[in-house]
Amino acid sequence: MAIIEVNNLTYRYTKKKYALKDVSFKIERGEFVSIVGHNGSGKSTLGKLLCGLLQTKHGEILIDGIKLSDDTIDEVRQKIGIVFQNPDNQFVGVTVKNDIAFGLENRNIDVDEMEKRIKKYATIVGMDEFLDKNPENLSGGQKQRVAIASVLAMETDILIFDEATSMIDPLGVKEVTNAIKSLKEEKTIIYITHNLDETLMGDRMIVLKNGEIVLDEKIDNAIKQKDILTNSNLEPLEQMELIELVNKNNLNRKEEVEKVLWQSAYQK
Amino acid sequence: MAISLSKVSFAYEKSRKTGPLYVLKDIDLTIDTEKNDFITIIGHTGSGKSTLVQLFNGLLTPSSGEVNVFNKIISSKKKTKLKEIRKRVGLVFQFPEYQLFEETVLKDVMFGPKNYGLDDIENRAKRALQSVGISEELFNESPFSLSGGQMRRVAIAGILASSPDVLIFDEPTVGLDPKGKKELLDLLEKLNKVDNKTIIFITHDMEVVAKAATRVLVLDNGNISFDGTKDELFRNEKIVSDNSLILPSTIRILKDIKEKLNLDIDIYKYNVNDAYLELERALGGQK
Ligand SMILES: Nc1ncnc2c1ncn2[C@@H]1O[C@H](COP(=O)(O)OP(=O)(O)OP(=O)(O)O)[C@@H](O)[C@H]1O
Ligand SMILES: Nc1ncnc2c1ncn2[C@@H]1O[C@H](COP(=O)(O)OP(=O)(O)OP(=O)(O)O)[C@@H](O)[C@H]1O
Ligand SMILES: [Mg+2]
Ligand SMILES: [Mg+2]
């Protein structure tokens with residue numbers, strides 16, 4: 001059974017315009033799915049609907065087999081966590097420690113376990129030395145790291161990252177995402193980003209355009225869809241562009257060059 | 001004309017035991033605005049980038065040392081009128097939400113020009129919005145009902161509308177889709193080259209550095225650990241690794257090919273076309 005199932009989901013903030021239009025897909029347990037698309041294409045709206053922060057009667061969402069509704073929302077929130085696009089919208093505590101603890105207190109987790117998790121997840125995101133600081137007084141990248149830790153600490157099966165690493169330095173992004181991928185419990189991850197390089201970490205890519213899905217494919221195929229990507233305001237990877245040039249001009253040793261270019265796309 | 005810092009240190013907080021907790025330490029720096037540089041500032045999370053640029057227009061006052069902006073002195077000892085400085089040195093915050101506050105998108109962008117007593121404010125605002133790809137249908141929406149990337153665009157327009165001499169952007173491409181990012185960079189390069197504006201641009205994106213920078217500053221734990229051209233930076237492996245930087249992707253790709261195929265390649269190419277031409281040359285052309 002798919003851990004996430006979305007059927008014919010449609011959403012409008014105002015009568016004028018659809019933010020999402022007839023969106024359907026399934027995600028299996030343990031999958032890492034990237035969602036990309038132009039500004040205003042509906043990515044954040046989808047994220048908020050999946051975890052019940054927005055609701056609609058048009059279409060249905062099943063999380064782990066449970067249909068999302070007013071009656072099931074508390075149960076569903078135990079299974080799904082979202083890191084917001086703007087970390088400031090997420091902070092509730094006056095210290096980093098408080099902030100990570102907040103979600104745990106709400107779940108009646110005992111004090112020892114809580115301390116353990118605070119330490120564990122603050123360390124994973126590299127913020128263990130900042131536990132007593134006010135999250136308001138952190139740098140942009142530090143805020144994002146704390147927001148990630150607070151959501152990880154809840155140990156939900158499903159994690160949604162809405163441009164959650166956009167202000168972290170490139171090596172930092174790698175450290176944090178590797179740490180998340182190596183958590184021993186099997187996580188299902190939805191990773192919203194504008195950076196195609198980052199989608200190569202995942203298994204699959206969904207492209208939204210004006211609220212509709214225009215591509216949903218395994219990552220290896222998806223990144224080759226130059227026209228669809230370009231039409232959705234994305235830029236093909238440099239490696240793809242070079243492969244195209246090398247082949248078009250029939251360069252010497254083009255097979256070898258192409259092989260190295262593919263490897264270099266994935267090794268980052 | 002210049003912005004210059006002499007012996008500037010800055011602390012947000014004091015510890016009872018150890019005194020001020022400096023996040024910038026003893027910085028000497030001159031930005032000569034006659035040179036029309038496109039300056040990128042890079043460095044890891046928390047290294048002090050956002051703090052540094054807020055000293056450039058008096059949003060923060062140095063704890064010690066002196067900031068001189070177009071011959072006006074900002075220091076802890078001296079009060080200066082900041083409005084004139086801010087009119088000439090505009091800054092877009094790292095989080096666009098910090099900047100937006102009006103009822104509608106258009107009013108928000110008109111605020112700066114109005115505040116600085118400029119003429120023709122509505123047209124200025126509309127032109128600025130159009131230049132960042134915000135269409136008319138959003139002009140009368142609340143800025144808070146926009147998507148993240150749309151908000152970012154409006155915040156950028158807010159500074160462009162006042163047309164300051166120096167434009168500072170704190171990670172402005174975060175949240176923009178790649179097309180929006182490319183258009184913004186083209187726009188800023190034009191402002192830099194055609195209108196002679198000095199651009200100061202904080203980023204983690206090495207592609208921005210590769211494309212646009214004429215001068216690069218690297219911050220490391222409150223110190224300027226590098227100040228030079230992108231070529232000087234990327235050709236110096238020690239500086240790159242000491243500062244945990246990554247290379248722009250074309251350089252990384254060429255480096256890979258050079259090593260794996262054992263070719264004689266100049267890897268320091270900053271865009272796909274130049275990289276391809278170098279590859280063609282090194283491989284002895286077409287089959
Ligand atoms: N609170 C709101 N009220 C009204 N319209 C909204 C609201 N939030 C978003 N919208 C609109 O809904 C559409 C989809 O927005 P959404 O935030 O889902 O886009 P996104 O894909 O996340 O974009 P970005 O890449 O800029 O973050 C946009 O046209 C946006 O203007
Ligand atoms: N308002 C504040 N109060 C106290 N400390 C602060 C405040 N703002 C920033 N700091 C601290 O100052 C240091 C430098 O922060 P700054 O925001 O300048 O970093 P940055 O280089 O911009 O980082 P990032 O890339 O993550 O945005 C950080 O350690 C941060 O925690
Ligand atoms: Mg969004
Ligand atoms: Mg910053």
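Values reported hereafter were calculated over all heavy atoms of this structure, with side chains retained and with hydrogens, waters and symmetry mates removed.
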Q) Of the backbone (N, CA, C, O) and the side chain (C-beta and beyond), which part of Lys181(B) lies under 4.5 Å from a heavy atom of chain A, both, or neither? A) neither
Q. At what distance, to the nearest 0.5 angstrom, does CD of Glu238(A) lie from CD1 of Ile253(B)?
A. 5.5 Å
Q | Heavy-atom donor-acceptor pair, His44(B) side chain to Asp169(A) backbone, under 3.5 Å | A | no
**Q.** Leu261(A) versus chain B, the contacting section by heavy-atom distance below 4.5 Å
**A.** side chain
**Q.** Test side-chain hydrogen bond (donor to acceptor under 3.5 Å, both in side chains) applied to Glu280(B) and Asn249(A), step by step
**A.** CA-CA 9 Å; Glu280(B) 185 176 292; Asn249(A) 294 314; 4.5 Å; no
(Q) Under 4.5 Å from any heavy atom of chain B, what part of Asp162(A) do you find: side chain, backbone, both or neither? (A) neither
Q) By a 4.5 Å heavy-atom criterion (distance strictly below it), what part of Ile246(B) contacts chain A: side chain, backbone, both, or neither? A) side chain
Q: Let me know if Asn273(B) has heavy atoms under 4.5 Å from chain A in its side chain, its backbone, both or neither.
A: side chain
Q. For the side chain of Asn39(A) and the backbone of Gly175(B), is there at least one donor-acceptor N/O pair under 3.5 Å apart?
A. yes
Q. Of the listed residues (Leu171(A), Thr230(A), Asn195(A)), which shares the most heavy-atom pairs with chain B below a 4.5 Å separation?
A. Leu171(A)
Q.
Can you tell me how far apart NZ (Lys260(B)) and OG (Ser264(A)) are? Round to the nearest 0.5 Å.
A. 7.0 Å
Q) With only heavy atoms counted, which part of Gln142(A) is less than 4.5 Å from chain B, the side chain, the backbone, both or neither? A) both
Q | With sequence neighbours excluded, residues passing side-chain contact (heavy atoms from CB on, under 4.5 Å) with Glu137(B) | A | Lys17(A), Ser135(B)
